[in-house]
Amino acid sequence: AAGCHGSRRRNLGRRMREQFRELDEEEGRLREGYEAEIQRSAELRAELDEREANFNRIKGPFDKELEQLRMDLEALREEGSAASTAATDEVASAGRALALQDEEISRLE
């Protein structure tokens, strides 16, 4: 019975060593995969940063042009508003002048 008991221990020890070896191999594969993911993530981050820098470099002149167009539009609106006010004043002045002429003509008749 003692020999049988020793054989079981050896088998158990062998199975445990095999399981540990398999676990070590699995851990190695997982670490390699993890490190590859970290490397890929760093590569993607660098690519994204480069694209963002290129986008901002290209976009810069358009932002300046857009700002200039906005200022031009505001200036045109102000000019239009001033012209409209001037035209309204001129029409009112002309209306008063016609009214005075009408009064003058009525008095002369």
Colleague: Residues sharing F62's hydrophobic cluster, by side-chain heavy-atom contacts under 4.5 Å among ILVMFWY, directly or via others?
Modeller: I58
Colleague: With sequence neighbours excluded, what pairs up with R77 under the side chain to side chain donor-acceptor pair (under 3.5 Å) test?
Modeller: none
Colleague: Listed by chain and number, what are the side chain to side chain contact (heavy atoms under 4.5 Å, CB included) partners of E79, not counting sequence neighbours?
Modeller: L76
Colleague: Could you list the residues that satisfy side chain to side chain contact (heavy atoms under 4.5 Å, CB included) with E18, not counting sequence neighbours?
Modeller: R21, E22
Colleague: Using a 3.5 Å cut-off and no angle test, enumerate the donor-acceptor pairs between side-chain atoms of residues 64-72 and protein atoms at least two apart in sequence or in another chain.
Modeller:
| from | atom 1 | to | atom 2 | distance (Å) |
| --- | --- | --- | --- | --- |
| Q68 | NE2 | D72 | OD1 | 2.8 |

Colleague: Could you give the distance from CD1 (I105) to CG (L100), rounded to the nearest 0.5 Å?
Modeller: 11.0 Å
Colleague: Output all residues satisfying side chain to side chain donor-acceptor pair (under 3.5 Å) with E78, sequence neighbours left out; order by chain, then residue number.
Modeller: none
Colleague: Enumerate, atom names and distances included, each donor-acceptor pair closer than 3.5 Å involving a side-chain atom of residues 28-47, sequence neighbours excluded.
Modeller:
| from | atom 1 | to | atom 2 | distance (Å) |
| --- | --- | --- | --- | --- |
| R29 | NE | E26 | OE1 | 3.4 |
| R29 | NH2 | E26 | OE1 | 2.6 |
| R31 | NE | E27 | OE2 | 3.3 |
| R31 | NH2 | E27 | OE2 | 3.0 |
| Q39 | NE2 | E43 | OE2 | 3.2 |
| R45 | NH1 | D49 | OD1 | 3.3 |
| E47 | OE2 | R51 | NH2 | 3.1 |

Colleague: Listed by chain and number, what are the side chain to side chain contact (heavy atoms under 4.5 Å, CB included) partners of R14, not counting sequence neighbours?
Modeller: R10, N11, R17
Colleague: Return a table of donor-acceptor pairs under 3.5 angstrom between the side chains of residues 81-89 and protein atoms on other chains or two or more places apart.
Modeller:
| from | atom 1 | to | atom 2 | distance (Å) |
| --- | --- | --- | --- | --- |
| T85 | OG1 | S81 | O | 2.9 |
| T88 | OG1 | S84 | O | 2.9 |

Colleague: Residues in salt bridge (charged side-chain N to carboxylate O under 4.0 Å, His left out) with R107, at least two apart?
Modeller: E104
Colleague: List for me each residue that meets salt bridge (charged side-chain N to carboxylate O under 4.0 Å, His left out) alongside D24, sequence neighbours excluded, and say none if there are none.
Modeller: none
Colleague: List the residues meeting side chain to side chain contact (heavy atoms under 4.5 Å, CB included) with L12, not counting sequence neighbours, and say none if there are none.
Modeller: R15, M16
